[in-house]
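What follows is a single structure, written as structure tokens, with notes after it.
Scope of the values below: all heavy atoms of this structure, side chains included, with no hydrogens, waters or symmetry mates. Sequence positions, counted from 1, serve as the residue numbers for this chain.
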Amino acid sequence: MAEETRTQWSIQCSQYLGEISALCFLHFPTHLSSLPFLLAGSGSQLMLYDLESGKMLRSFHVFDGIRVHGITCLFIDCTEGTVSSKLGFQLAVFGERRVKLFSLVIELFLGTQNQSGVSVNLNLLHLLPKFGNWVLDVCFMKGFVSSYNEGSHCLAIGCSDNSVHVWDILNSIVILEVQSPERCLLYSMRLWGDNIKALRIASGTIFNEILVWKVVPKYNAPSSTSPVEDHIDQSYPFSNHVLFHHPQFEAVHMDKLAGHEGSIFRITWSSDGSNLVSVSDDRSARVWAVHTERNGSDKPGYSIAPELDGVVLFGHNARVWDCCISDSLIVTAGEDCTCRMWGLDGKQLLMIKEHIGRGIWRCLYDANSSLLITAGFDSAIKVHQLHGFWSKGSDGCAEVKEFIDRTEIFTARIPTSSEHNGLMDSKSEYVRCLHFTCEDSLYVATNQGYLYHAKLSKTRDVKWTELVQVSNEVPIVCMDVLSLKSSELSGGVEDWLAVGDGKGYMTIVKVLTDVSAPKVSLTFSWQAGMQRQLLGTYWCKSLGYRYIFTTDPKGTLKLWGLYNPSPSVSHSSAGHYNVSLIGEFASCFGIRILCLDASFEEEVLVCGDLRGNLVLFPLLKSLLLNSSVASEEKMSPINYFKGVHGISSVSSVSFARLSSSQIEICSTGGDGCICYLEYDRDRKHLEFIGMKQVKELSLIQSVSEDNDSIDDLASGRYAAGFASVDFIVWNLITETKVVQIPCGGWRRPHSYYLGDVPEMKNCFAYVKDEMIYIHRNWILDGEGKIIPRNLHVQFHGREMHSLCFVSENLQLRANGKHNLYSRFSWIATGCEDGTVRLTRYTPGVENWSASKLLGEHVSGSAVRSICCVSEIHVFASEVNTISDGRNRQVVDTDNGENPFLLISVGAKRVLTSWLLRNRRLDKEEALADQQYSGIGSSNKPSSGVSSSMSFQWLSTDMPAKYSSSHKYPEGAEKLVGAAENVSSTKVDAISHFQGKGKMDIKPCLGDKCEDDWRYMAVTAFLVKYAGSRLTVCFVVVACSDATLALRALILPYRLWFDVALLAPLSSPVLALQHVIVPICLPSEESIQKGKVYIVISGATDGSIAFWDLTGSIEAFMQRVSTLHVEKFIDCQKRPRTGRGSQGGRWWRSLSSSLSKRRVGSGLVTTKGGDGTNHNKLNHVASGTELLINDSESSAAACSQATTSLQLEVNTDDSSSETCEIRPSRVLNNVHHDSESSAPACSQATASLQSEVNRDDSSSEIYEIRPLHVLNNVHQSGVNCLHVSDIKDCQSSLGGFLFNIISGGDDQALNYLRFELFLLATVTDDEFVTPDIRNSISGPEITRPFVTYGENQNKNYAIKFLYHEKIASAHSSAVKGVWTDGCWVFSTGLDQRVRCWSIEKHGKLTEHGCLVISVPEPEALDARACGRNNYQIAVAGRGMQIVEFSGICEMDQGE
């Protein structure tokens, strides 16, 4: 209940995280700042950025519920002092029908380079009266006429009715209104000119035409009365603000420009007003030449002949939203998320594609600084710097020189290539390998065995040095370089080069590099393989120069040891250097190894091969530290992962240590993905934990991370790779393209070198037509700006349907610190494009400090609902003994390994689970925590700080392609063989419902339409088996085909099972919640006998139903405890993606039928072939590859695990007392996945195929009937539903109080309070059926209550106490509700957040209302972050946090 003491409540909104709708530059004098400031409009707020530092200085809330559509600025004055300089601006901000004038004062403190050196103040000058039409553009003009306030400024305002108003800023009045004679509605308008005489208006009409007109003095006007004034509507908002005592004006048409075939969204003028550019719905942009004078006609309204010879810019794949033009460049931005640069001749010069979602809405180009700003639906603001030669303005020449592209381009040939001037022949020398060691050092190997060193000078000259000829005219096949600090030269560097030739010889060359010329210090060779069998050689930096690896085509890796190097040995005396073969590592796949990495401390070697597999080998210290020449040892894999990158090659692997026993492995590959795996050394377990798909790259060669830097802008991760024929470096944090160099693709010899800040330090070399091309961009620290960069957090690019706060106990578990109410908030969101993000909210200047992309639903299917699962409920089994197979898994239930899950569901019936990753708290984040713990601290953490909280992909469950959700036998009266995601469940407790009516079977759509079904809502909870490592996540999902199913995910084995159907349902369910109540013995309240699991659903028919799942859950837990689930094959090791990872012939192998049975488990899973036998479960496996990844990682172990599935089924007829549990899609994958697994599994697979299929005709699905249904709670659908937490709602009578709040399309809020309490114990033979009884009328007991019992120890009653309905809580549909038993928060399509207190007898009283910036809200969640302090998150087309807090009078007095 709300507090009795008087409290002052306040409600305020934070920054809106969503679409950027307006951009504007603030230009400073060049001696104060070389780059301008940037104003960005997002939602109802303005954000000010310093482009020098890339920091947000301030954000201002300028409207209430109105989106900022445009910003125009006017520089007023500049006051310079010895300590600081003040700059004054006037801002005109408009949105919808509103215009506001602001005064912006920016004070720059001299001698400071950080954010504290800037002070910003924004004051409101004028709020113009509300216009009758939408405002499309505004511009500042000088004094209206010489006789009227000369020197003052006016504001010209263009409206969508094709009219222009002039507002006098000094007197706050409208001094002119001009209506175009051609009255029509407009989609766009742009004004040009600094005074009324030069004013030009370009109007984009609904008829796809552009009307160009101007305002001129009206001749022969009556002197007494103004015709304009006579026609003023007195109801018009400006009727009391119009003043006319000056010559009258009229509209004169100049041009009518026709040519577009769609709506004109944006128009922009050139700087001299002679040209304009328009963009349209027809995916094109057009350049128009505008006549400055009327062609010999003085008649008003005369239309000039259209200019049809304009340039058409066609290249966008979707609608074009915005454009801008300079003296030599045209920029367009569109819905296809591309920003394109064009020359004035219509030729496309450059394309940038870095945004996601619904496109780029705004672009802005500054010719003086060559800066290009793009912003869009995804909330990101990208800053690019174009090449300086594109800016040819005469007044900006001095500035252009500073921003000219600093990339140096070298072209060079190998020294001997000059001897061959004609075409290449078989004897010509050409380049085979390139390798950078630093920005000015490049090694080159040729087909004739020569090894060269190229020194790059600052004058773009290349100095060649021939180092050594490895062998006589034998081509060098592979090369690798290891750079170390020199032991012979103080401060120098020594390069160890390993090269392999076509005859199988390895040669090691030690090169000393100094300022003069490189010097060969040592060289020796040995036979490392057979002819044409040596394909790769690799150094490992962690092992040093004493160990070198070589590979062959059959997947064999050899480790060579280099012992006793003598500094006195010359390069000619190779025999004195001892080389021995330490060991051979044979891959179980027999495929060529392309990359590797080793960890000396963890004694692990990881290799990636040509077909996307990872293999782990033991690398014992005793083997490496043995200095004597040891005999060869053959090493077998300790674990492997098949198809990490599908069937694409693995290009790089690297290690990162997480803890003493855990290692993180990062791999990149030819599928454009970065994959993360975790290896547990103690358990020998390799697990896939996450993946990031870089859609801009088709091949990722490596991922680099910056070194520790004071400048937080430099802290980011970069992916280097190829897209078609271009080499690209991609910033993974800001999602920006750092480098793009056309080179012809990755198959050419190439090499690259990235510095600590790749935006400023990068080198790339490639070979084309015997020529070596070298691109070097190396800007020293302090000499340039880090561009490109992202100013604002990149978020979802489309609408969100669901969100949830990550609870406090998760943050405690992740950080390991006890912080009851952290000021940091983590919010998980699901989007229409199938992405799931984890976003961090922080109070301060910039609220949204980080947003992580966790992953994407299969095929990008929309995410409709998301929920967190943190609290674990322990299931205490009555069985005292557990099979021997389970004893080895018994662990303490409080060992900190309890999972925290995130469940997301959506279109195409995709259900994805995510698991929390426990990471150490970064130093930067710990520092940020200390800063925010102080009162009034406004500092923000770095946007580049990597967060300690993240989720990893755990498992994905979805129906097979073209599978039917329902298969019924003809004429059936029972529900048999239900959804392929719902297997047979037979529970003794549920059997009491037999004979009470069957579920109505309705005709369903055909198989071709099944992909249209989607999950609409989800709720989940964790149940842990006491004394075991086994944890079950029960998930209740509601589908759009009006089905409600209970599913189970067994952890840590990631096995999906179907438990029960919740039926009947007459309408689809839109909202789900659950409550779990502990049940204690009446005599001993401290002893729990079990728990009651109840699910509450809200449907589209306005009803709210209660479902009791207790019997199904207990029977399932009892049955699972007897299964050896650890022997099941874990089929889901990697999420499916769209590029080579789903398999090609995989779908066609699903038609084969196969049965798998197990002794003693009563487990029978039948896979229907053609679907004609309706007594079988027509169950098709998912498309996820089965990847055998057993802890022992041997072929025998794999065979044994598979063979265990062949045992016969127990024929004991005890099905009436057991719960038959069928895995949803695990066992059905054994047939295919065994074929694609290690060869050692072939025998087990063959035995499975020979097994006889058996028909389990007794398998049936018995539905769970609703406990109670509240009909007509809402007049239409129940959009949202929330139940208060049990810990805050325990009654004095021993029961548990719950508060239910619901919202619907009828704009109403419904509040219901009920109590659940235990009834007296009944005898064994007595069974209490669901019964509804009317209670005795009274002041507090005015509703019926329901009793329900399952067995003698769990008889309870549900008593409905209060019911409150607010018919018009919102002015449109209610989309989100939340309650904690004291307060209720709601939001709707009216863009309002309302706060209600729960008073006595359940009455709701409104205490606050706030207009938010989120258009079309879809979801709401809240959390208590302190005493009398709540954070309310609203998501829709963007996301925003609302702070609701209060101060009690008692606290205020203290």
Any side-chain heavy atom of Phe1106 sitting closer than 4.5 Å to one from Leu1270?
-> yes
For residues Asp1101 and Ser1066, is any side-chain donor paired with an opposing acceptor at under 3.5 Å?
-> yes
Sequence neighbours excluded, which residues qualify as side-chain hydrogen bond (donor to acceptor under 3.5 Å, both in side chains) partners of His1370?
-> Ser1386, Asp1390
Residues passing the side-chain hydrogen bond (donor to acceptor under 3.5 Å, both in side chains) test with Glu1364, sequence neighbours excluded, are none
Between Ile11 and Cys1409 the two heavy atoms that sit nearest each other are CG2-O, 4.3 Å
Ser1040: what forms a side-chain hydrogen bond (donor to acceptor under 3.5 Å, both in side chains) with it, not counting sequence neighbours?
-> none
Without hydrogens or angle criteria, can the side chains of Trp826 and Thr839 be said to hold a donor-acceptor pair below 3.5 Å?
-> no
Over all heavy atoms of both residues, which pair between Cys1033 and Ala1020 is shortest? Give the atoms and the distance, please.
-> SG-CB, 4.1 Å
Rounded to the nearest 0.5 angstrom, the CZ-NE2 distance for Arg864 and His801 is 4.5 Å
Are any non-hydrogen side-chain atoms of Met1439 and Val1434 less than 4.5 angstrom apart?
-> no
Would a line drawn from the ring center of Tyr1362 to the ring center of Tyr1311 be shorter than 6.0 Å?
-> no
Output the distance between atom CG (Leu1062) and atom CG (Leu1267), rounded to the nearest 0.5 Å.
-> 11.5 Å
Between Trp1383 and Asp1380, which heavy-atom pair has the shortest distance, and what is it?
-> N-OD1, 2.9 Å
Aromatic contact, Phe1314 with Phe1296 (centres under 6.0 Å) | no
Do side-chain atoms of Thr1110 reach the backbone of Tyr1093 as a donor and acceptor pair under 3.5 angstrom?
-> yes
Which pair of non-hydrogen atoms, one from Asn1271 and one from Ser1103, has the smallest distance, and what is that distance?
-> OD1-CB, 3.8 Å
Validation row: Leu1072, Leu1281 side chains within 4.5 angstrom (heavy atoms) | no
Taking the inter-plane angle between the rings of Phe1021 and His1074 on a 0 to 90° scale, is it parallel (under 30°), tilted (30 to 60°) or perpendicular (over 60°)?
-> tilted
Mind running side chain to side chain contact (heavy atoms under 4.5 Å, CB included) on Val1095 and Leu1046 for me, showing each step along the way?
-> CA-CA 10 Å; Val1095 168; Leu1046 174 63; over 6 Å; no
Between the NZ atom in Lys1024 and the CE atom in Met1117, the distance rounded to the nearest 0.5 Å is 9.5 Å
Does the pair Tyr1430 and Cys1425 meet the rule for a side chain to side chain contact (heavy atoms under 4.5 Å, CB included), with working shown?
-> CA-CA 6 Å; Tyr1430 293 88; Cys1425 54; 5.9 Å; no
Name every donor-acceptor pair, under 3.5 Å, that has one atom in a side chain of residues 1411-1422 and the other anywhere in the protein, sequence neighbours excluded.
residue: Ser1413; atom: OG; partner: Ser44; partner atom: N; Å: 3.3
residue: Ser1413; atom: OG; partner: Ser44; partner atom: OG; Å: 3.2
residue: Asp1421; atom: OD2; partner: Phe805; partner atom: N; Å: 2.7

CZ (Phe1298) and CD1 (Ile1358) are apart, to the nearest 0.5 Å, by 9.0 Å
Apply side chain to side chain contact (heavy atoms under 4.5 Å, CB included) to Cys868 and Cys804, showing your working.
-> CA-CA 7 Å; Cys868 286; Cys804 64; 3.4 Å; yes
Under the 3.5 angstrom rule, does the side chain of Thr1387 hit a backbone N or O of Gly1376 as a donor-acceptor pair?
-> no
Hey, does Gln1431 have a side-chain heavy atom less than 4.5 Å from the side chain of Glu1443?
-> yes
Set of residues satisfying side-chain hydrogen bond (donor to acceptor under 3.5 Å, both in side chains) with respect to Ser10, sequence neighbours excluded = Ser1445
Would you say the side-chain atoms of Arg1423 and Ser825 include a donor-acceptor pair closer than 3.5 Å?
-> yes
Taking the side chain as C-beta and beyond, is there a heavy-atom pair between Ile1432 and Trp1378 under 4.5 Å?
-> no
Over 12 non-hydrogen atoms of neighbours within 6.0 angstrom of CD in Gln1275 = no
State whether the side chain of Gln1440 and the backbone N or O of Ser14 hold a donor-acceptor pair below 3.5 Å, judged by distance alone.
-> yes
To the nearest 0.5 Å, tell me how far Asp1041 CG sits from Tyr1015 OH.
-> 9.0 Å
Which heavy atom in Gly830 sits nearest to a heavy atom in Val863, and how many Å separate them?
-> CA-CG1, 3.6 Å
Those residues that, when tested against Glu832, pass salt bridge (Lys or Arg N to Asp or Glu O under 4.0 Å) (two or more places apart) | none
Provide the closest heavy-atom pair for Ile872 versus Pro899 in the form atom of the first, atom of the second, distance.
-> CD1-CD, 3.8 Å
Backbone N/O of Ile866 and side chain of Ser802: donor-acceptor pair under 3.5 Å | yes
Distance-only side-chain donor-acceptor flag, His1363 / Asn1310, under 3.5 Å = yes
Do the rings of His1268 and Phe1360 sit parallel, tilted or perpendicular, given the 30° and 60° boundaries?
-> tilted
Could you tell me if the ring centre of Trp1396 sits under 6.0 Å from that of Phe1385?
-> no
Decide yes or no on ring-ring contact (aromatic ring centres under 6.0 Å, His included) for Phe1034 and Phe1116, but give the supporting numbers first.
-> CA-CA 10 Å; Phe1034 289 96; Phe1116 182 87; 5.6 Å; yes
Distance, nearest 0.5 Å, that separates CD1 of Ile1398 from CG of Asn1299 = 5.0 Å
Any donor-acceptor pair under 3.5 Å from Ser1276 side chain to Asp1306 backbone = yes
